[in-house]
Amino acid sequence: MVIIMKPDASQESIAQICSVVELKGLGTHIVKGAETTIIGLIGDKTKIVDYPFEVMEGVEKVTHISESYKLVNKAFHPEPTVIKFDNGIEIGGKKIVVMAGPCAVENQEMITAAANYVKSAGASFLRGGAYKPRTSPYSFQGLEVDGLKLMYNAKKEAGMLMVTEVINERSLEAAYDYLDIIQIGARNMQNFALLREVGRLHKPVLLKRGLSSTIDEWLNAAEYIMAEGNEEVMLCERGIRTYETATRNTLDLSAVPVLKSKTHLPIIVDPSHGTGKNIYVPSMAKAAVAAGADGLIIEVHPTPKKAVSDGDQSLNFDEFGQLMEKLKIVANAVDREI
Ligand code: PEP
Ligand code: MN
């Protein structure tokens, strides 16, 4: 349930409502917009089902929310969330952010070369995995702490921020001081203990969609993070499993407008994992921008054929540079910037 206050509602009337709600054993979440204040009620709503909030002072209207996720719900927070970083970069505003880099950190030379190139082409975040949750236990699992250090050196040299995946509490602790965005991978989207852990921290989280998750499950996973207090969550569509085998996954671009109608959180699209083949990446990246994505995360490798992981879906430097030029045109057409 959300209680929408009149534009001229006083602080006292807001406090009065909150104290009634809290006395009934529920929590409140207050969002102050430019014009109105919205009070979101969190908890077992059967306890207040008949309470006449409508007639209380300052109340404009009361809306019931049927979805199980509240804090991520657009009804709770109608304005889009904009995540701000120290260097002035914002995610969720007019400018579309690009995160780019290799699937995995392999050595200093390649991660530094990738960082310098993608930065010069317009990317603001360096992506790269130091902890790789691979399908086979015998595949390369990442350089772990050494990989984090190499990536950190590269991001500093290039003047970028970095996004990297954590897979459990131990890797989260190791990576925390190096990273700027905590990536929760598709395979961990419903690792609720890990979601609660990152929810207690104060760094933005990129939550990838689970391999076979519905949008509703995904939004509930984001709710786990927000319910612990971390409000800086972005959602990343990375393709889902369908019967189609021509692509690695089926990139669900309709998720972008669907999410825009349901949540205020920024939306990022990953056309690399979404398609699994580098030749399809540019089309889907452009389509994602046209569909309203707030950002892209793209795999780029100096020599994709030699990559230790996901070489088939990685762009080389020239391909990425050309794509960035095209993305500017698409962004302009939908009143955004890159
Ligand atoms: C990745 O981004 O490197 C990755 C492993 O992606 P996903 O979790 O979407 O498979
Ligand atoms: Mn990858």
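When a ligand or atom number is given, it counts from 1 through the structure's own listing order.
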What orientation do [X] and [Y] show, parallel under 30°, tilted 30 to 60°, or perpendicular over 60°?
{"X": "Tyr178", "Y": "Tyr152", "value": "perpendicular"}
{"X": "Tyr224", "Y": "Phe192", "value": "parallel"}
{"X": "His264", "Y": "His77", "value": "parallel"}

Test the Lys132-Phe140 pair against the cation-pi criterion, namely NZ or CZ under 6.0 angstrom from the six-membered ring centroid and within 45° of the ring axis. no
Just give me the atom name: the N, O or S atom of Asp310 closest to the Mn ion (ligand 2).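 Atom name of the closest N, O or S in Asp310: OD2.
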Starting from the Mn ion (ligand 2), look over the N/O/S atoms of Glu299 and name the nearest one.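 Nearest to the Mn ion (ligand 2) within Glu299's N, O and S set: OE2.
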Which value, rounded to the nearest 0.5 Å, describes the distance between Lys95 atom NZ and Ser124 atom OG?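 The OG atom of Ser124 is 7.5 Å from NZ of Lys95, to the nearest 0.5 Å.
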Determine the sole option in Lys74, Met1, Lys70, Lys45 for which the side-chain contact (heavy atoms from CB on, under 4.5 Å) test with Ile65 is passed.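 Looking at Lys74, Met1, Lys70, Lys45, the match for Ile65 under the side-chain contact (heavy atoms from CB on, under 4.5 Å) is Lys70.
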Which parts of the protein, at residue level, reach under 4.0 Å of ligand 1 through a heavy atom? Arg127, Lys132, Glu165, Gln183, Gly185, Ala186, Arg187, Lys208, Arg238, His273, Glu299
How wide is the angle at the Mn ion (ligand 2) between NE2 in His273 and SG in Cys103, to the nearest 10°? 170°
Checking Gln313, Arg209, Glu237, Arg238 against His273 for side-chain hydrogen bond (donor to acceptor under 3.5 Å, both in side chains), the one that qualifies is Gln313
